[in-house]
Amino acid sequence: MTELILSLDVLDRKRAVQIAESCAPFIDEIKVGYPLVLSAGLSIVEDLAGLGLPLIADFKVADIPNTNRLICEAVFAAGFDAVIAHGFVGADAARACVEVAHNHSGAAYIVAEMSHPGATEFFHGGVAESLAELAVACRADGIIAPATRPERIARLREIVGEKAIYSPGVGAQGGDPDTVARLVDGVIVGRSIYEAEDPAAEAERFSRIRR
Ligand code: 3DU
């Protein structure tokens, strides 16, 4: 079944928790990134943990192996269940994230290709394919691939096989949820849900895309 992952890029702590609580029955995981953590503090994880849903730290970790390790240790110590890291920093740096995640019984996902228009400037021409290969070689749990380009997801699927593909870019960025849901393991949705008048109703609507 294709998962629905709520991207909780909401700056106000109380509102973030309210939205997460109301959407919880319809979602499978919550993705938290810099916007919420820098606004509300890392302790937001404690507020969300009570919902019983896996929490993904979308920090797109991209540093040298030692710093990546320190970042990921802090991520899992805070209570996250998974981390998203960049692969362009090289296999040693990406592997550091994967190792820390697995030592904590967590997961690490590598960004293979991003969803915004500018992503084509650097990710195309074989780079995304190389990043997907790196993710496999590093024993990452999956990759992040663009819902805005389903044909690219299909190409990256050939490389990662059964590994998870999580895909942001539906709704606000223009990707079609039904098309993408058939290709990926999880659809990541932010603004279309948290900016809706009734986020829970919108989350329920998106949850029907599950296979
Ligand atoms: O466009 P939305 O509001 O549905 O949010 C998408 C989320 O996924 C957001 O947190 C963004 O930072 C993240 N993301 C992408 O949109 C594209 C990527 O390639 C990777 C992450």
Side-chain angles (χ1 to χ4, degrees), residues 2-12 15-16 19-20 23 26-40 44-45 48 53-62 75 80 82-89 94 97 107-124 127-132 134-135 140-153 155-157 160 164-181 183-197 199 202-203 205-207 209:
T2 309
E3 289 188 4
L4 176 60
I5 299 149
L6 172 63
S7 184
L8 196 56
D9 300 320
V10 175
L11 303 187
D12 180 73
R15 201 172 116 69
I19 291 172
C23 293
F26 312 111
I27 60 177
D28 300 288
E29 301 193 48
I30 299 175
K31 182 175 84 64
V32 173
Y34 293 115
L36 179 55
V37 165
L38 292 178
S39 306
I44 183 70
V45 177
L48 299 174
L53 294 170
L55 300 175
I56 304 172
D58 183 4
F59 294 155
K60 296 192 180 68
V61 184
V75 160
F80 281 103
V83 68
I84 295 175
H86 271 302
F88 66 76
V89 279
C97 298
Y109 305 107
I110 302 294
V111 178
E113 180 173 327
M114 297 186 73
S115 57
H116 59 300
T120 60
E121 292 170 28
F122 288 102
F123 284 98
H124 284 189
V127 173
E129 284 85 344
S130 297
L131 293 169
L134 176 145
D141 299 274
I143 60 164
I144 306 297
T148 47
R149 296 182 209 98
E151 74 288 356
R152 296 292 301 152
I153 298 175
R155 170 70 190 111
L156 296 170
R157 172 64 80 194
V160 302
I165 300 184
Y166 286 156
S167 191
V170 301
Q173 295 184 52
D176 172 50
D178 293 314
T179 309
V180 173
L183 301 168
V184 302
D185 301 272
V187 174
I188 298 171
V189 186
R191 285 165 287 179
S192 294
I193 292 177
Y194 68 73
E195 285 182 352
E197 207 170 303
E202 200 60 13
R205 202 176 67 76
F206 272 103
S207 73
I209 61 171

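By convention here, the first residue in the shown sequence is residue 1. The analysis underlying the following values was restricted to heavy atoms, covering all of them including side chains, and did not include hydrogens, waters or symmetry mates. In each ligand, atom 1 is the first atom listed, and ligand 1 is the first ligand listed.
With hydrogens and angles ignored, the 3.5 Å screen pairs no side-chain donor or acceptor of Ser167 with any backbone N or O of Val184. Judged by distance alone, with hydrogens and angles left aside, the side-chain atoms of Arg191 form no donor-acceptor pair with the main-chain N or O of Ser7 at under 3.5 Å.
Contact annotation for Gln173 and ligand 1: only side-chain heavy atoms (C-beta onward) come within less than 4.0 Å of the ligand.
For the pair Ala94 and Leu134, the tightest heavy-atom approach, listed with the atom from each and the gap, is CB-CD2, 3.8 Å.
By the 3.5 Å distance cut-off applied to N or O atoms, Arg191 is counted among the residues near ligand 1. Note: no N/O pair closer than 3.5 Å links Tyr194 and ligand 1 by distance alone.
The single protein non-hydrogen atom nearest to atom 19 (O) of ligand 1 is Met114 CA, 2.9 Å, given as residue, atom name and distance. For atom 17 (C) of ligand 1, the closest heavy atom belonging to the protein is Ser115 OG, 2.9 Å. With respect to atom 10 (O) of ligand 1, the closest heavy atom belonging to the protein is Asp9 OD2, 2.6 Å. Regarding atom 7 (C) of ligand 1, its nearest protein heavy-atom neighbour is Ser7 OG, 3.4 Å. The shortest contact between atom 4 (O) of ligand 1 and any protein heavy atom is with Gly190 N, 2.8 Å. For atom 11 (C) of ligand 1, the closest heavy atom belonging to the protein is Lys31 NZ, 4.2 Å.
Using a non-hydrogen distance threshold of 4.0 Å, Lys60 registers as a contact of ligand 1. Within the structure, the closest approach of Glu195 to ligand 1 does not fall below 4.0 Å when heavy atoms are considered.
Of the candidates Gly33, Ala147, Pro168, the one placing a heavy atom closest to atom 15 (C) of ligand 1 is Pro168.
With sequence neighbours excluded, no residue forms a ring-ring contact (aromatic ring centres under 6.0 Å, His included) with Phe123.
Residue-environment remark: CZ (Phe122) stays at or below the threshold of 12 foreign heavy atoms within 6.0 Å.
Contact check for Ile19 versus Leu6: side-chain heavy atoms found under the 4.5 Å cut-off. Considering only heavy atoms from C-beta on, Leu183 stays 4.5 Å or farther from Ile165 through its side chain.
For the pairing with Ile144, the side-chain contact (heavy atoms from CB on, under 4.5 Å) check across Leu156, Asp58, Val111 returns one residue only, Val111.
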